[in-house]
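A short write-up of the structure that comes next.
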Amino acid sequence: MAVLSDVALQILPELPQRYRNAFDDIRYGRYVMFGSSPRRKGLGPGTNYSACPHRSFRSRRCSTTPPPLGRGGARKPGGALACFAGGAVADDLFELSDEEIVARFAEDLISVYPQLEGKLGEGIVRRHRRVVPFWAPGRRASLPTLRDPLGPVHLAGDYQLDMPSLADAATSGENAAKAVLASLRH
């Protein structure tokens with residue numbers, strides 16, 4: 001099962017109290033996400049800028065991914081660019097229009113990657129009010145509880161991890177699926 005903590009409490013109303021407490025300890029942060037497909041060459045394949053302090057996106061990740069190989073073989077220039085702003089920065093951005101967010105992110109992107117001047121494609125903005133789990137100081141002690149299966153139910157999601165991320169959430173789902181399959185074989 002991979003759902004937000006409050007949804008888990010609704011789906012499984014008979015949860016033992018230690019699981020209820022562990023789910024109650026989780027809070028969720030906000031994120032504003034920006035995506036663009038640079039025109040022409042833009043950034044080269046594999047270009048990555050992991051931290052963008054003092055930028056509107058202050059992202060954990062701001063990277064490009066080259067387009068997948070087509071039937072012709074060679075990769076085409078361009079790719080997909082994604083930037084993220086969380087927490088208080090996201091709160092401030094939530095008050096702006098999509099156009100204002102795109103303009104701020106584009107300005108900051110060009111300051112980091114001057115070669116993008118005139119090459120950014122149309123920007124897409126997504127606002128997520130509840131996306132990144134976090135815990136108040138001292139509340140992470142309940143985290144190991146969420147790693148224990150509830151009989152046949154195995155929990156999965158970024159709230160099971162020390163440093164939540166989409167990749168680790170997917171891995172936790174894969175691990176839960178493997179555990180369920182292994183239990184069915186016995």
Side-chain angles (χ1 to χ4, degrees), residues 1-37 46 48-53 57-69 79-95 98 101 105 124-186:
M1 184 173 80
V3 295
L4 297 171
S5 60
D6 59 320
V7 175
L9 292 172
Q10 293 171 12
I11 293 171
L12 299 169
E14 302 298 320
L15 276 174
Q17 192 60 46
R18 73 183 183 108
Y19 286 91
R20 296 188 77 70
N21 293 345
F23 278 126
D24 281 338
D25 287 343
I26 299 171
R27 299 293 175 262
Y28 289 92
R30 288 90 38 227
Y31 249 42
V32 172
M33 301 173 190
F34 165 85
S36 176
S37 294
N48 193 354
Y49 192 78
S50 296
C52 301
F57 42 84
R58 297 189 188 167
S59 70
R60 288 186 186 173
R61 191 182 92 216
C62 175
S63 61
T64 60
T65 305
L69 290 172
L81 184 107
C83 299
F84 309 89
V89 174
D91 290 342
D92 292 340
L93 291 169
F94 267 72
E95 303 301 316
D98 285 2
I101 293 170
F105 277 48
I124 298 170
V125 174
R126 295 290 181 260
R127 292 168 173 81
H128 298 276
R129 294 198 182 276
R130 299 179 62 220
V131 69
V132 180
F134 67 92
W135 294 257
R139 304 301 284 194
R140 286 184 71 106
S142 62
L143 185 58
T145 297
L146 299 176
R147 295 179 180 141
D148 292 338
L150 286 152
V153 177
H154 292 257
L155 302 173
D158 49 7
Y159 53 71
Q160 287 196 315
L161 310 164
D162 293 320
M163 292 300 296
S165 74
L166 290 175
D168 288 340
T171 299
S172 79
E174 183 178 0
N175 292 341
K178 288 176 182 176
V180 169
L181 288 174
S183 71
L184 294 174
R185 290 187 198 120
H186 294 6

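Being a predicted model, the structure only gives us computed values, none of them experimental.
- Here the straight-line distance linking atom CG of L93 with atom CZ of F34 works out to 12.0 Å at 0.5 Å rounding.
- Atoms CD1 and OG, from I26 and S142 in turn, are 7.0 Å apart once rounded to the nearest 0.5 Å.
- The shortest non-hydrogen separation linking G29 to F134 is N-CE2, 3.5 Å.
- Sorted by first and then second residue, the pairs that involve residues 82-95 and meet side-chain hydrogen bond (donor to acceptor under 3.5 Å, both in side chains), not counting sequence neighbours, are R30-D91.
- For the atom pair CZ of F94 and CZ of R129, the computed distance is 4.5 Å after rounding to the nearest 0.5 Å.
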Donor-acceptor pairs under 3.5 Å, side chain of residues 2-9 to any protein atom, not counting sequence neighbours: which ones?
unit_1: D6; atom_1: OD1; unit_2: R130; atom_2: NH2; d: 2.7

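- Applying the salt bridge (Lys or Arg N to Asp or Glu O under 4.0 Å) rule to R127 yields the partners D98; only residues at least two apart in sequence or on another chain are considered.
- Between the CG atom in L150 and the OG1 atom in T145 there is a gap of 10.0 Å [rounded to 0.5 Å].
- In this structure, Y19 OH and L146 CG are separated by 8.0 Å, a value rounded to the nearest 0.5 Å.
- When all heavy atoms are compared, the tightest approach of F84 to Y31 is CB-CE2, 3.6 Å.
- Note that CZ of R139 is 8.5 Å distant from CG of D24, once rounded to the nearest 0.5 Å.
- When all heavy atoms of A156 and A176 are compared, the closest pair comes out as CB-CB, 4.1 Å.
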Original post:
F23 and L155: side-chain contact (heavy atoms from CB on, under 4.5 Å), yes or no, with the steps?
Top reply: CA-CA 11 Å; F23 278 126; L155 302 173; 3.9 Å; yes
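- Summarising the geometry of M33 relative to V131, their closest heavy-atom pair is CE-CG2, 4.4 Å, with the distance given to 0.1 Å.
- Considering every non-hydrogen atom in both H154 and V180, the closest pair reads CD2-CG2, 3.3 Å.
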